[in-house]
Amino acid sequence: MNAIKNTALILSLAFSLGEFSVIASAEEAAQVTAHSPNATIMHIEKAKVEILHKDFVPPSEHLKTARAESEQVRGNPDIVKQATASIIQAQIKVKAGDIKGATDELNKALGLYKLLKSE
């Protein structure tokens, strides 16, 4: 009878530890993807292309998404703040119709996010 109890206890502990490691791995993967600047970089590049084609409605959507994504990016706080500020300035310049200024701000933000990516 003790052998059955010990076996059941060992099996339940093994399954519990296995479930814990799977949950921990999933949480770590979610944190890495949520804090990576890759999604922000993608939206900035799409907005840049559409700005150069003078199609202002989609870039503003990509800029809004890039701004929302930038708030989740983790890394050097000063670089993240500067990059987010550049995205905001690009939004302002797109609304004003300043294509060159918006493109310059987006290039600045891309450079900053690529700096974060290399860290």
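All figures in this text were calculated on a predicted structure; none of them were measured in a lab.
By the 4.0 Å N-to-carboxylate-O rule, Lys108 lies too far from Asp104 to be salt-bridged with it.
Residues Ile88 and Tyr113 are members of separate hydrophobic clusters, defined by side-chain heavy-atom contacts under 4.5 angstrom among Ile, Leu, Val, Met, Phe, Trp and Tyr.
Listed by chain and residue number, nothing satisfies the side chain to side chain donor-acceptor pair (under 3.5 Å) test with Gln89 (two or more places apart in sequence, or in another chain). The side chain to side chain donor-acceptor pair (under 3.5 Å) search around Thr84 returns Ser70, not counting sequence neighbours. For Glu45, the side chain to side chain contact (heavy atoms under 4.5 Å, CB included) partners two or more places apart in sequence, or in a different chain, are Ile41, Leu110, Lys114.
When side chains are defined from C-beta on, Glu105 does not count as touching Gln91, because their heavy atoms never get closer than 4.5 Å. By the 4.5 Å heavy-atom criterion applied to side chains, Asn76 and Leu115 are not counted as neighbours.
Scanning both residues, Ala109 and Ile87, for their nearest heavy atoms gives CB-CG1, 4.1 Å. Across all their heavy atoms, Ile51 and Ala102 have their closest contact at CD1-CB, 4.1 Å. Of all the heavy atoms in Ala66 and Ile44, the pair that sits closest is CB-CG1, 3.9 Å.
Annotation: the span from Leu63 atom CG to Ile92 atom CD1 amounts to 11.0 Å, rounded to 0.5 Å. Here Lys48 contributes atom NZ and Asn107 contributes atom CG; the two are 4.0 Å apart, rounded to the nearest 0.5 Å. Here CG of Leu106 is found 11.5 Å from NE2 of His62. Values are rounded to the nearest 0.5 Å.
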